[in-house]
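A short write-up of the structure that comes next.
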Number of protein chains: 2
Amino acid sequence: MTRAFTRKGEATRARIVVGAAAEIRERGVDEVRLEDVMARTGTSKGQLFHYFPDGKEELLLAVAQHEADQVLIDQEPMLSNLTSWPAWLAWRDRLIERYLAQGVKCPLNGLLGQTGRRAPGAQALVTGLMWRWQAAITEGIRHMQSTGDIAAEVDADRAAAALLAGIQGGVLLLLSTGRIDHLEAVLDLTIERLRAGARTA
Amino acid sequence: MTRAFTRKGEATRARIVVGAAAEIRERGVDEVRLEDVMARTGTSKGQLFHYFPDGKEELLLAVAQHEADQVLIDQEPMLSNLTSWPAWLAWRDRLIERYLAQGVKCPLNGLLGQTGRRAPGAQALVTGLMWRWQAAITEGIRHMQSTGDIAAEVDADRAAAALLAGIQGGVLLLLSTGRIDHLEAVLDLTIERLRAGARTA
DNA sequence: TCAGGTTTGGACTTGCAGGTCCATTTTTAG
DNA sequence: CTAAAAATGGACCTGCAAGTCCAAACCTGA
């Protein structure tokens, strides 16, 4: 089903996705018209529909995919290397820094509500992202348990689930209130708590 | 600036808001047309613009207000009565139950992304909701500290901030993945942790 | 160099949803 | 009872943004 694109074609397609993603991040999903994307990426309507035959919906899905990947890419290699407390703190700082920098613009929040209903695939996409994210955290906890840095009786899965939820909520609150406090509180208290349990182990 | 509405007028206005809210909850903000609201509430376009001169934007804001109020109303009286562990657990159950029941439909998530950008007031509205919510939690923690059920050294503000974030994230994850696990994990682990600290106090 | 494809540009169509308007009915108040 | 104001119904307008179409430019390989 994959259409044949030349190298040039692939490049154009990628340019459109990246440009659309940027536009959406800056102005919000529902404020972005195809024309805006065209203007930004220097493309024509013909091209848009050439590379995304199903139109806006398909483009939005591609953007969501792209943005979802970015989220995890941005946390590498910290995320997949949670093997010591300094590493955990580095990851913590990375998260704070990143979300502080991008401020009120969350690429996925909008896409969740918007695309979520339109494209059935978008839901699965976000779910997949969350799943990968949580898996990485779980693995980090497990590793720390193997070295005795976290108490063995901690349920890694549940702890990771709670932490992921906290992070998502923290970001959500950053989005709506503009304050990073919640995210910080979640990360610091959670890490603190994971450490505390093992002090005696 | 408040226009003069008769009793009948107020009733109609309220009917529109409630109907629109329901419609939005069921089908999502961007899928709801004014006509849908008209059909559901048995009103005409004339009425819509009579009661909401600024059109859709004003209506959406009113809906957001209405929904925000509902969120807290739904948790009363549990939320403002977190004075014993059974009360905390009752609140926990209430949250789980409520969000489990409404499933994938969150009234505010959509409104956040959507209305957030359009109406400047919507942002403030959500912020206010979060603030009230968090304040209630903080007060609950403080009360438990006063009775010695929670350790005095716990920072009530931070703990409440983290918990609120966890709840929001838990709901968000319920929305995107369909699983309630995250919300449960947050609530249970948080409460467990608050209790643990004071066992010896 | 020529023939097949792919890529590109942009004019044109179309549907629809938000918003306007006014004529009619109902209510309120004096 | 009556006049002014509010409530209602629905026809109509309008703009805009998605999507269509096709012709021109371009690559690419034999």
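Letters go in sequence order (proteins before strands), and every chain restarts at 1.
Residue B:Q75 places its CD atom among more than 12 non-hydrogen atoms of other residues, nucleotides or ligands, all under 6.0 Å distant. No more than 12 heavy atoms of other residues, nucleotides or ligands shown are found within 6.0 angstrom of CD on B:E35. The neighbour count for A:Q145 CD, taken as heavy atoms of other residues, nucleotides or ligands under 6.0 Å away, is above 12.
A 4.5 Å side-chain heavy-atom check between A:T138 and A:Q134 finds at least one atom pair inside the cut-off.
Going from atom OH of A:Y51 over to atom C1' of C:dG9 covers 13 Å, rounded to whole Å. Rounding to whole angstrom units, CG of residue B:D30 and P of C:dA17 are separated by 12 Å. Straight-line distance from the CG atom of B:L59 to the P atom of C:dA17: 16 Å, rounded to whole Å. Here the C1' atom of nucleotide C:dG18 and the CZ atom of B:F52 are 15 Å apart, to the nearest Å. For the pair B:F5 CZ and C:dT27 P, the interatomic distance rounds to 17 Å; values are reported in whole Å. For B:R13 and D:dA6, the CZ to P distance is 16 Å, given to the nearest whole Å. Atom CE of B:M38 is separated from atom C1' of C:dA17 by 11 Å (rounded to the nearest Å). Following rounding to the nearest Å, A:E10 (CD) and C:dT6 (P) show an atom-to-atom distance of 13 Å.
In this pair, B:W91 and B:W88 present their aromatic rings perpendicular. The plane angle is above 60°, beyond the 30 to 60° band.
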Between protein and nucleotides 10-30 of chain D, map the contacts as a letter string: B base, S sugar-phosphate only, - none, heavy atoms under 4.0 Å, written 5' to 3'.
-> B------SBBB------S---

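Between B:Q123 and B:T127, the side chains place no donor N or O within less than 3.5 Å of an acceptor N or O (distance only, hydrogens not considered).
Contact annotation: B:T12 reaches the phosphate of D:dT8 (side-chain N/O to OP1 or OP2, under 4.0 Å).
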